[in-house]
Amino acid sequence: MELTGKTAIVTGAGQGIGRGIALVLAERGASVVLNGRTPAKLAAVRKEIDAAGGQSVVAAGDVGVRPDVASVVQAALGAFGGIDILVNNAQASTPDVSVLGVTDADLELTFRSGALGTLYAMQACHPQMKARGGGAIVNFGSSVAVNGDTGFAAYTMTKEAIRGLSRIAAKEWGPDGIRVNVICPAAMSPSAQEFAERSPERFRRVLRGIPAGRFGDPVTDIGRAVAALVSDDLSYLTGATLMLDGGRTLIT
């Protein structure tokens, strides 16, 4: 169990990819702080972790609100004494919107929950990680943003902002022993399911563009990859973007 003794914060942990990551990190021995906006969902994930013999606590809150993020960090310190891993998975988004159609409200929702939430959590966790001699941060981009898929203006702007932030932090925080990497996943999350129901033909086109022939599983495909990324086995990797999308996007 290569993460035994580590403490991880996972945002957006109540469902989908966040849940999958939290379950795998706990399975690998990490103590997990479950963050999200819906306490009942977080409690259900904690119950799963407890049943499997893992350790976790619930710290509900909105990552787009600085005081809420501070409370999550304090919950981690109070329960487990430190922070070693931060997974910034939380992201709210609007329905498909074009460049001409994007509004301030669209940007407020996506940017605050994604880019600002990621920034707030990173800033709050940095001193705690530095005090422990280092840590690992995983942020989330999207192949939709890398490819510039049409109809996702606010979402693409947010996800590319997160990638830019991650590259800068990897350079600035490397001397502190803190690694910062980005994953761009393609997984069958609740948001992907909503997209499939809202735009079935577009969803089928995306699926046809995945060489692996399927969307990833939040636990076995995404959760396990994150566990590997934050482990000591990849301690030399930082500032990277991992396209975890079944081959849909190839960066050269």
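Because the structure is predicted, anything quoted here is derived from the model rather than measured.
- With hydrophobic clusters built from ILVMFWY side chains whose heavy atoms lie under 4.5 angstrom apart, V226 does not share a cluster with L86.
- Using a 4.5 Å cut-off between side-chain heavy atoms of Ile, Leu, Val, Met, Phe, Trp and Tyr, with links allowed through other members, L23 and L42 fall into the same hydrophobic cluster.
- Within the 4.5 Å cutoff, side-chain heavy atoms of V87 are placed close to those of F140.
- The distance from the CG atom of L165 to the CD atom of E160 is 12.5 Å, given to the nearest 0.5 Å.
- Across every non-hydrogen atom of G18 and V10, the tightest pair is O-CG1, 3.7 Å.
- Listed here is the closest heavy atom pair of G141 and V182: N-CG1, 3.4 Å.
- Looking only at side-chain heavy atoms (C-beta outward), C184 and L242 stay at 4.5 Å or farther from each other.
- In this structure, CD1 on I183 lies 11.0 Å from OG on S166, to the nearest 0.5 angstrom.
- The CD1 atom of I17 sits 10.5 Å away from atom CE of M188, with the distance rounded to the nearest 0.5 Å.
- Under the salt bridge (Lys or Arg N to Asp or Glu O under 4.0 Å) criterion, the residue pairs touching residues 170-181 are K130-D176, with sequence neighbours excluded.
- Residues passing the salt bridge (Lys or Arg N to Asp or Glu O under 4.0 Å) test with R19, sequence neighbours excluded: E48.
- Grouping Ile, Leu, Val, Met, Phe, Trp and Tyr residues whose side-chain heavy atoms lie under 4.5 Å apart, directly or via other members, places V97 in a hydrophobic cluster with V102, L107, M157.
- Each side-chain hydrogen bond (donor to acceptor under 3.5 Å, both in side chains) pair with one or both residues in residues 241-250, not counting sequence neighbours, appears once here: S143-R248, N147-T249, D149-R248, R163-T241, D245-T249.
- Residues L244 and I222 meet the side-chain proximity criterion, which asks for heavy atoms closer than 4.5 Å.
- Minimum interatomic distance between A170 and T238 (heavy atoms only, all atoms of both residues): CB-OG1, 3.5 Å.
- When atom types are taken as modelled, the side chain of N181 and the backbone of G239 share a donor-acceptor pair closer than 3.5 angstrom.
- Of the possible polar contacts, one joining the S98 side chain to the G101 backbone as a donor-acceptor pair under 3.5 Å is found.
- Judged purely by atom type and a 3.5 angstrom limit, T11 uses its side chain to pair as donor or acceptor with the backbone of A90.
- Between the side chain of S142 and the backbone N or O of V144 there is at least one donor-acceptor pair closer than 3.5 Å.
- In this structure, OG1 in T94 is found 9.5 Å from CZ in F152, a value given to the nearest 0.5 Å.
- When the shell of 6.0 Å around NZ of K159 is examined, it contains more than 12 heavy atoms from other residues, nucleotides or ligands.
- The shortest distance between side-chain heavy atoms of V33 and S56 does not fall below 4.5 Å.
- When only modelled atom types and interatomic distance are considered, D106 and T103 share a side-chain donor-acceptor pair under 3.5 Å.
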Worksheet entry | Stepwise salt bridge (Lys or Arg N to Asp or Glu O under 4.0 Å) test for R208 and E201 | CA-CA 11 Å; R208 288 195 296 269; E201 181 52 40; 3.3 Å; yes
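- V230 places a side-chain heavy atom less than 4.5 Å from the side chain of L25.
- What you find for G223 and V24 is that their closest heavy atoms are O-CG1, 3.6 Å.
- In this structure, G114 and T158 approach most closely via the heavy-atom pair CA-CG2, 4.0 Å.
- Atoms OG and CG, from S235 and L229 in turn, are 11.0 Å apart once rounded to the nearest 0.5 Å.
- Counting only heavy atoms from C-beta outward, the side chains of M129 and I137 approach each other to under 4.5 Å.
- For the pair T7/I85, no side-chain contact is recorded, criterion being any heavy-atom separation below 4.5 Å from C-beta on.
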Worksheet entry | side-chain contact (heavy atoms from CB on, under 4.5 Å) evaluation trace for R28 with K6 | CA-CA 10 Å; R28 300 288 172 89; K6 305 287 189 181; over 6 Å; no
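- Counting only heavy atoms from C-beta outward, the side chains of D233 and E2 never approach each other to under 4.5 Å.
- Atom OG1 of T118 sits about 4.0 Å away from atom CD1 of I162, to the nearest 0.5 Å.
- A side-chain donor-acceptor contact under 3.5 Å links R112 to the backbone of G64.
- If you chain together hydrophobic residues whose side chains sit under 4.5 Å apart, I49 and L3 fall into the same group.
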Worksheet item: Does the side chain to side chain donor-acceptor pair (under 3.5 Å) test come out yes or no for Q91 and S113, once each step is laid out?
Response: CA-CA 5 Å; Q91 177 69 69; S113 63; 3.2 Å; yes
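- In this structure, I21 is a member of the same hydrophobic cluster as L237, with clusters built from ILVMFWY side-chain heavy atoms closer than 4.5 Å.
- Sorted by first and then second residue, the pairs that involve residues 65-90 and meet side-chain hydrogen bond (donor to acceptor under 3.5 Å, both in side chains), not counting sequence neighbours, are R66-Q123, D84-R132, N88-N139.
- Every pair passing ring pair (Phe, Tyr, Trp, His ring centres under 6.0 Å) that includes a residue from residues 79-127 is listed here, sequence neighbours excluded: H126-W173.
- Across A228 and L234, no two heavy atoms sit closer than the pair O-CD1, 3.6 Å.
- A continuous path of Ile, Leu, Val, Met, Phe, Trp and Tyr side chains, each step under 4.5 Å between heavy atoms, connects L34 with V219, placing both in one hydrophobic cluster.
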